[in-house]
2 protein chains.
Amino acid sequence: MELSCKSEYALLALLELADRYRSGEPLQIRQIAAQQNIPDRYLEQLLAMMRRGGLVRSQRGAKGGYILAREPWKITLFDVVTCLEGLDAQAKEVDVDLQTIEGSVICEIWQESYQAANTVLQKYTLQDLCEKRDARRQLDIMYYI
Amino acid sequence: MELSCKSEYALLALLELADRYRSGEPLQIRQIAAQQNIPDRYLEQLLAMMRRGGLVRSQRGAKGGYILAREPWKITLFDVVTCLEGLDAQAKEVDVDLQTIEGSVICEIWQESYQAANTVLQKYTLQDLCEKRDARRQLDIMYYI
DNA sequence: TGAAACCCTAGTGGAAAACCGGAGTATACT
DNA sequence: AGTATACTCCGGTTTTCCACTAGGGTTTCA
């Protein structure tokens, strides 16, 4: 479970959407991309995935854009990464039967390790992320003075 | 921290070396490769990495081969994966300073998740792996009868 | 001396990740 | 109604990385 560009871009975008969430106004791809320095056509794909995954809602047409599908404290980082990377995760389960004993023993331990990582990601929500960011911003201002 | 071919091959090889450890005799690349169905020239590179990482010792020349550098219960799975994938891990630390606040907040959480995964890997040694394998073998025999 | 083994470096093929472009469709505003 | 805006779908391109291959060395033992 490494931090790919995909996941990072997605989280940055969701962070922007979380900020905007209370207003109820949608936010455009272009704006998010400009704000966070993300290639816009790529971000488009990621947002489409997250829409299919039920994380965001889209509004088409003029004055359209994206809105968080539910409250920022109801979306965990685990939700995000599984939505993005989890689509091809089922494909790996194919040839488990023709594995050696050594292979399956190793595989089990990896599952356990994987599980531990996911538990951490389940602990944090977008809300938490926003708060951490704000706290960090305050801290940076203090240091600057 | 996903299970790459590299790590799996390396663990399988180390498992063979662990079996052989008590005898003090070295084991050749070819034999390991044949036993575990690993491309031998590739395994050669992995063993070279593990030698540089201090996990195995090599003996050159005829009747040479590889030996575990220390006892099987003193090598954790964490040691193995960091030895193999950890070489380019420092390269990522380069441009940390020019990161945004959002980026570093995300990065921190990823570190925590990573850490959790590593803690699991630190818990298991080659010895544990061997024992799990043997237990599984016994179990398979029982089922077969 | 020669065979058996490790040692080092470079290069290749293919697949996945990251990214781009164009044509289509829905929506709001005038 | 018409137009501008923004999402939607889908195919293509570029880049990067992994698994693997290859060849020419060096050391050791018999």
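Order of the sequence lines fixes the chain letters, A, B, ..., with proteins taken first and strands second; residue numbering starts at 1 for each chain. Side chains are part of it too, since the values below use all heavy atoms of this structure and drop only hydrogens, waters and symmetry mates.
Taking 4.0 angstrom as the limit, A:Gln59 places a side-chain polar atom (N or O) nearer than this to OP1 or OP2 of C:dA28. Listed pair A:Ser58 / D:dT8 meets the phosphate criterion, a side-chain N or O lying under 4.0 Å from OP1 or OP2. Taking side-chain N and O atoms only, B:Arg51 has a distance below 4.0 Å to OP1 or OP2 of C:dC7.
The distance from atom NZ of A:Lys63 to atom C1' of D:dT3 is 15 Å, rounded to the nearest whole Å. The CD-P distance, from B:Glu85 to D:dA19, rounds to 8 Å in whole Å. Atom CG in B:Leu46 sits roughly 10 Å away from atom C1' in D:dA19 (whole-Å rounding). Rounded to an integer number of Å, the gap from CG of B:Leu84 to C1' of D:dC18 is 13 Å. Between the C1' atom of C:dC7 and the CE atom of B:Met50 lies a distance of 15 Å, rounded to the nearest Å.
Between the side chains of A:Gln35 and A:Glu16, no donor N or O sits under 3.5 Å from an acceptor N or O. The closest side-chain donor-acceptor pair between B:Gln127 and B:Glu131 falls under 3.5 angstrom.
Between the side chain of A:Arg51 and the backbone N or O of A:Val56, no donor-acceptor pair lies under 3.5 Å. A distance-only check finds no donor-acceptor pair linking the side chain of B:Ser7 to the backbone of B:Leu3 [under 3.5 Å].
Residue side chain A:Glu44 reaches the base of D:dC9 through a donor-acceptor N/O pair under 3.5 Å, judged by distance alone. The base of D:dT26 sits with one of its N or O atoms less than 3.5 Å from a complementary donor or acceptor on the side chain of B:Arg60.
Over its full length, the helix from C:dT1-D:dA30 to C:dT30-D:dA1 turns its helical axis through 10°, comparing axes from the five pairs at each end and rounding to 10°.
Both A:Gln45 and A:Tyr66 sit near DNA chain D, but only A:Tyr66 has its closest nucleotide nearer the 5' end.
A salt bridge does not link B:Asp140 to B:Arg137: none of the charged nitrogens lies less than 4.0 Å from a carboxylate oxygen. Between B:Arg136 and A:Glu108 there is a salt bridge, with a side-chain nitrogen of the basic residue lying less than 4.0 Å from a carboxylate oxygen of the acidic one. Ion pair A:Asp128/A:Arg133 not flagged as a salt bridge, since none of the NZ, NE, NH1 or NH2 atoms sits closer than 4.0 Å to an Asp/Glu carboxylate oxygen.
Comparing atom distances between the A:Ser4 side chain and each of D:dA19, C:dA18, D:dC29 picks out C:dA18 as nearest.
Contacts of B:Gln31 classified as side chain to side chain contact (heavy atoms under 4.5 Å, CB included), with partners at least two apart in sequence or in another chain: B:Arg20, B:Leu27, B:Gln28.
For the segment residues 9-43 of chain A, residues with any heavy atom less than 4.0 angstrom from an atom of DNA chain C are, sorted by number, A:Tyr9, A:Pro39, A:Arg41, A:Tyr42.
Contact check for B:Tyr66 versus B:Ile29: side-chain heavy atoms found under the 4.5 Å cut-off.
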